[in-house]
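Not measured: the values here are computed from a predicted model.
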Amino acid sequence: MAVSNALTISPRKLRSDLYSYSNQDNTKTPLVISVLASLIDRTLTRNQRISRRASPASSTFCRSSKTQIFNCREIPDMTIQSYLERIFRYTKAGPSVYVVAYVYIDRFCQLNPGFRISLANVHRLLITTIMIASKYVEDLNYRNSYFAKVGGLETEDLNRLELEFLFLVGFKLHVNVSVFESYCCHLEREVSFGGGYQIEKALRCAEEIKSRQMIVQDPKHHHHQFTRVLL
């Protein structure tokens, strides 16, 4: 079956979107969201295989670490793609925010080797890193209470997640140009080699979900009407 050109992401198209995205036209979901969702989905699949082979002792270590704060009370019935799109829809964070959030996630995993991204912790990790990245990148930002509502958390919970994350990465939030560029290149490679099919599949699913769940909202109340999500 032929793939629609509108759903195809090339490395060049991704790079153009990352570097020329306009905040004046922020109704279009940045391409990096689909690429990041694909990358995280493949990481989840790999970590699930590792967890099945892991010994009980190593599993206990992961559960007892400080990173347990990121575990959800219940695993939300929402795909990574849908969750990232939700965050963008209500915050309009630009593409660079998601790249920096990706840097923070990778940095967090490197500094906490007992931690593995899983369905239980990925949503909380995403909203936390995107909020922190937005504060680092953007000139104007929403309050933590607003990000909490978008992410499906209580404000106090998100405040604790932010503080714990900062300590667990040693407050190492600076991302220089060369680091930013290297992570952009990694996302481009995801498109070129490993994730092309998954990205197209995610985009198709997203389009189908949108077509079935179109909700008409009053633009004046856009920032106050949320589909309820609980993490």
Side-chain angles (χ1 to χ4, degrees), residues 33 35-91 93 97-136 142-173 198 202 205 226-231:
I33 284 180
V35 180
L36 185 58
S38 171
L39 186 66
I40 292 174
D41 280 334
R42 294 200 299 122
T43 300
L44 286 170
T45 300
R46 183 177 66 248
N47 287 347
Q48 285 172 347
R49 288 199 301 266
I50 293 172
S51 295
R52 284 195 292 266
R53 295 197 299 263
S55 64
S58 61
S59 298
T60 301
F61 170 75
C62 291
R63 288 196 300 268
S64 62
S65 67
K66 291 182 179 180
T67 57
Q68 189 178 1
I69 190 175
F70 288 95
N71 289 345
C72 298
R73 297 181 182 91
E74 294 183 10
I75 295 175
D77 185 21
M78 180 176 281
T79 66
I80 304 303
Q81 174 86 18
S82 297
Y83 192 63
L84 289 175
E85 287 185 346
R86 173 188 170 88
I87 293 171
F88 171 75
R89 182 166 65 251
Y90 290 114
T91 67
V97 170
Y98 298 93
V99 177
V100 172
Y102 173 39
V103 175
Y104 290 165
I105 290 171
D106 191 45
R107 198 171 285 175
F108 181 81
C109 292
Q110 289 181 28
L111 291 171
N112 299 276
F115 176 81
R116 291 196 190 101
I117 296 175
S118 69
L119 290 172
N121 58 41
V122 64
H123 295 83
R124 285 188 167 206
L125 185 63
L126 281 170
I127 189 62
T128 303
T129 53
I130 290 170
M131 182 183 73
I132 295 172
S134 181
K135 292 179 180 181
Y136 182 82
Y142 291 106
R143 296 175 182 271
N144 282 25
S145 57
Y146 183 79
F147 271 99
K149 186 177 290 187
V150 172
L153 294 162
E154 297 294 333
T155 303
E156 294 77 9
D157 289 336
L158 186 56
N159 289 343
R160 283 194 292 270
L161 289 172
E162 179 185 28
L163 187 61
E164 194 65 41
F165 181 90
L166 292 173
F167 275 102
L168 288 171
V169 297
F171 290 84
K172 296 177 181 178
L173 300 181
Q198 288 90 341
C205 291
F226 296 90
T227 304
R228 189 162 179 78
V229 173
L230 291 175
L231 301 184

Quick one: [atom1] on [X] to [atom2] on [Y], what's the gap to the nearest 0.5 Å?
| X | Y | atom1 | atom2 | answer |
| --- | --- | --- | --- | --- |
| Tyr142 | Lys149 | OH | NZ | 12.0 Å |
| Ser118 | Ile50 | OG | CD1 | 12.0 Å |
| Arg86 | Leu126 | CZ | CG | 13.5 Å |
| Asn47 | Cys109 | CG | SG | 8.0 Å |
| Glu85 | Thr79 | CD | OG1 | 7.5 Å |
| Thr45 | Ile40 | OG1 | CD1 | 12.0 Å |

Just jot down the side chain to side chain contact (heavy atoms under 4.5 Å, CB included) partners of Asn112, sequence neighbours excluded, or say none. Thr67, Phe108, Phe115, Leu168
Using the test side chain to side chain contact (heavy atoms under 4.5 Å, CB included), find all partners of Ala101 that sit at least two apart in sequence or belong to another chain. Thr129, Ile130, Ala133
Min side-chain heavy-atom separation Tyr98-Val35 under 4.5 Å: no
Heavy atoms, side chains only, cut-off 4.5 Å: are Asp106 and Gln110 in contact? yes
Side chain [X], main chain [Y], donor-acceptor under 3.5 Å:
| X | Y | result |
| --- | --- | --- |
| Arg124 | Asp157 | no |
| Asn144 | Asn159 | no |
| His123 | Met78 | yes |
| Asn121 | Arg116 | yes |
| Tyr136 | Val97 | no |
| Tyr146 | Tyr90 | yes |

Do you know which two heavy atoms are closest between [X] and [Y], and how far apart they sit?
| X | Y | value |
| --- | --- | --- |
| Leu166 | Leu173 | CD2-CD1, 3.6 Å |
| Ile132 | Phe165 | CD1-CD2, 3.5 Å |
| Ala93 | Phe88 | O-CD1, 3.4 Å |
| Ala37 | Gln81 | CB-OE1, 3.4 Å |

Surrounding CZ of Phe167 (heavy atoms of other residues, nucleotides or ligands, distance under 6.0 Å), is the total greater than 12? no
Evaluate side-chain contact (heavy atoms from CB on, under 4.5 Å) for Tyr83 paired with Val122, printing each intermediate quantity in order. CA-CA 10 Å; Tyr83 192 63; Val122 64; over 6 Å; no
Return yes if a side-chain donor-acceptor contact under 3.5 Å exists between Asp41 and Ser38, otherwise no. no
Applying the side chain to side chain contact (heavy atoms under 4.5 Å, CB included) criterion to Ile80, which one of Leu119, Leu39, Leu44 satisfies it? Leu44
